[in-house]
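Both backbone and side-chain heavy atoms feed into the values below; hydrogens, waters and symmetry mates do not. Just so you know, these numbers come straight off a predicted model, no measurement behind them.
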Amino acid sequence: MKPAALELISIQSHSQQSFDLKKSPAGDPATETARRMLAEVMKYRRIPSASDQCGNAECQSCASIHLPKFISAIRRNEPVTFVLPAFPGKSPNPEKVLGAFPDYAEQLALEFLGRLGQRIKKYYSPGIKIILCSDGRVFSDLVGMKESNVTAYQSELSVLKDKLSLSDIETFNLDDFYGELSFNQMRDELMKRYGSSLDFLKHKVRNGAGEQATADEQDAHRMYCGITRFLFEDSLHPGQTKSRSAIQKESRLKSYEVIRRSNAWSELIAERFPEAVRLSIHPQTCGAAKLGIRLVGNESWMTPWHGVAVETKNGHVLLKRSEAEALGAELVYSSDGRPSHYKMGGVL
C-alpha cells in the first residue's frame, strides 16, 4: 500500500502534459526551432491548479511572451539563456532538511536541468544555458539562515554542478554583484537601487484575493501566501519559544519584505541578463512574463531546499524530513559521509 503522504503528493502534483505548439509559417526555421524548444520546457511547467486549462497546445498567450528571446538567440546561433532565481540555501528548520549543504535533492534538480538541456541539443546544437541566480543572500537575515551557511551552500552547489559535468549550467549570486561590500550593505544597495514601495506591494496582494484581480495581482497574492507558509513552517523548530499566533503574525510581516527583496533581485537579474528567458519555481498563470518550472518529478510546492529526497519504487519524491522519518524511510549517506536522502523499505 502506498503511504498516505505519498498518495497526497500524487494527488496534488501536476501531471506532465504534451505541448506541441502551433506550427510556425513555412520558411521560418528559427521560429519553428524556437517553438520546439519552448514546447520542451513547457512540459514541466508549474501552473496554478485553476489554470490547468492553459495546457492547451494552441496557447499563444504563453508562447508569444517568450518566443522572441528564443528566436533572437537562434538567429545568432547562440544558446538560449534562461535565468532561474532559486537554490537559496537550506531551510533553517531541521525537521524539514538534512543540514545546511546541498544533498541528493539538489542533485536531482540539477540533473533534471542537465537532461533538459541535452534533449534540446538534439534539435538545436547550441542548446541552452541556465543561470541559477542563488537568492539566499538576498533575504537570509529575514528567514533565519546563517550567512556562513549561505556561503557554504553557494560554494557546494557550484562544486556539485562541476562534479556532475553540467557545463550548460552557471551560477550567479549577490556576492558576485556586490562582492566588495558586507552582506548587510549588499542588501541595502540592492533595495536602494531596485526596491519597490511596500504600500504598492500590499495593495497588489490585497487586490489579488478579490474576484476582479488581474493576473499580476493574483500572482502577488499567491506568492505572499506561499512565502508566509514557508516562513511559518521554518520557524517551528525545536528550541523556539514563541506562540504559533505570534509566529504567524511575524511571518506575514516578513513575507512582504521577502517579496520586495525577491522582486528587487528579479530587477537586478533582468538588467544583468536582458536577453534571458525568466524561469520561476513558483506557479505562473497563463501569459505571465515568467515560466513556472518543476525541478523534481511531479512535485507541486516542495523544493529541494525545503525538504529531502525520498527514493520510492515509483521514483523520487520530496518530503519534509519529519514526514520521511514518520513513514519509516531509511537515511542514506553519500560517499563522503554526509546525509544524502531517504529510501523507502523494499527499494533496491
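Between the side chain of Ser251 and the main chain of Ile247, a donor-acceptor pair closer than 3.5 Å is present. Within the 3.5 Å criterion, the main-chain N or O of Arg36 finds a donor-acceptor partner in the side chain of Tyr123. Judged purely by atom type and a 3.5 angstrom limit, Gln284 uses its side chain to pair as donor or acceptor with the backbone of His282. At least one donor-acceptor pair closer than 3.5 Å links the side chain of Thr33 to the backbone N or O of Pro29. No side-chain donor-acceptor contact under 3.5 Å links Thr285 to the backbone of Ala288. In terms of modelled atom types and a separation under 3.5 Å, the side chain of Ser235 and the main chain of Leu231 share a donor-acceptor contact. Distance alone, capped at 3.5 Å, places no donor-acceptor pair between the Asp162 side chain and the Val159 backbone.
The salt bridge (Lys or Arg N to Asp or Glu O under 4.0 Å) search around Glu180 returns none, not counting sequence neighbours. Scored by the salt bridge (Lys or Arg N to Asp or Glu O under 4.0 Å) test, Glu257 finds Arg260, Arg261 as partners (sequence neighbours excluded). Every residue was checked against the side-chain hydrogen bond (donor to acceptor under 3.5 Å, both in side chains) condition with His221, not counting sequence neighbours, and none meets it. Remark: Lys121 engages Asp168 in a salt bridge (Lys or Arg N to Asp or Glu O under 4.0 Å) (not counting sequence neighbours).
Put simply, Val150 and Tyr178 are part of the same group of oily side chains (I, L, V, M, F, W, Y) that touch within less than 4.5 Å, one to the next. If you chain together hydrophobic residues whose side chains sit under 4.5 Å apart, Val138 and Tyr256 fall into the same group. Hydrophobic clustering (side-chain heavy atoms under 4.5 Å, transitive across Ile, Leu, Val, Met, Phe, Trp, Tyr) keeps Met223 apart from Phe230. If you chain together hydrophobic residues whose side chains sit under 4.5 Å apart, Leu318 and Leu160 fall into the same group. Hydrophobic clustering, with ILVMFWY side chains joined whenever heavy atoms are under 4.5 angstrom apart, keeps Phe200 apart from Ile227.
For the atom pair OH of Tyr342 and OG1 of Thr312, the computed distance is 16.0 Å after rounding to the nearest 0.5 Å. Separation of atoms CG (Leu110) and CD (Gln107) is listed at 8.0 Å; rounding is to 0.5 Å. A distance of 11.0 Å separates CE of Met191 from CD of Glu267, quoted to the nearest 0.5 Å.
Looking at Asp199 and His203, their side chains never bring a donor and an acceptor atom within 3.5 Å of each other. Judged by distance alone, the side chains of Ser72 and Arg76 do bring a donor and an acceptor atom under 3.5 Å apart.
Ion pairing of Arg193 with Glu271 is present here, as a side-chain N (NZ or NE/NH1/NH2) and a carboxylate O approach within less than 4.0 Å. Checked for salt-bridge contact, Arg137 and Glu147 meet the test: a charged N lies under 4.0 Å from a carboxylate O. A salt bridge does not link Lys254 with Asp141: every distance from a Lys NZ or Arg NE/NH1/NH2 to an Asp or Glu carboxylate oxygen is 4.0 Å or more. In this structure, Arg222 pairs ionically with Asp219, as a charged nitrogen and a carboxylate oxygen lie closer than 4.0 Å.
Relative ring orientation between His341 and Tyr104 is described as tilted, the plane-to-plane angle lying within the 30° to 60° band.
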Check residues 82-100 and write down every donor-acceptor pair under 3.5 Å in which the side-chain atom is one partner and the other belongs to a residue at least two apart or another chain.
from, atom 1, to, atom 2, distance (Å)
Lys90, NZ, Asp103, OD1, 3.2
Lys90, NZ, Asp103, OD2, 3.1
Lys90, NZ, Glu106, OE1, 3.0
Lys90, NZ, Glu106, OE2, 3.1
Lys90, NZ, Pro304, O, 2.9
Ser91, OG, Asn93, N, 3.1
Ser91, OG, Asp234, OD1, 2.7
Asn93, OD1, Glu95, N, 2.9
Asn93, ND2, Glu233, O, 2.7
Asn93, ND2, Leu236, O, 3.2
Lys96, NZ, Glu233, OE1, 3.3
Lys96, NZ, Asp234, OD1, 2.8

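Tyr333 places none of its side-chain heavy atoms less than 4.5 Å from the side chain of Ser340.
In this structure, Arg272 forms no cation-pi arrangement with Phe177, as its terminal cationic atom is not both closer than 6.0 Å to the ring centre and no more than 45° off the ring axis.
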Asp336/Ser334 under side chain to side chain donor-acceptor pair (under 3.5 Å): CA gap, chis, key distance, verdict:
CA-CA 5 Å; Asp336 60 6; Ser334 61; 2.3 Å; yes
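Annotation: salt bridge (Lys or Arg N to Asp or Glu O under 4.0 Å) contacts involving residues 238-247, sequence neighbours excluded, comprise Lys242-Glu250.
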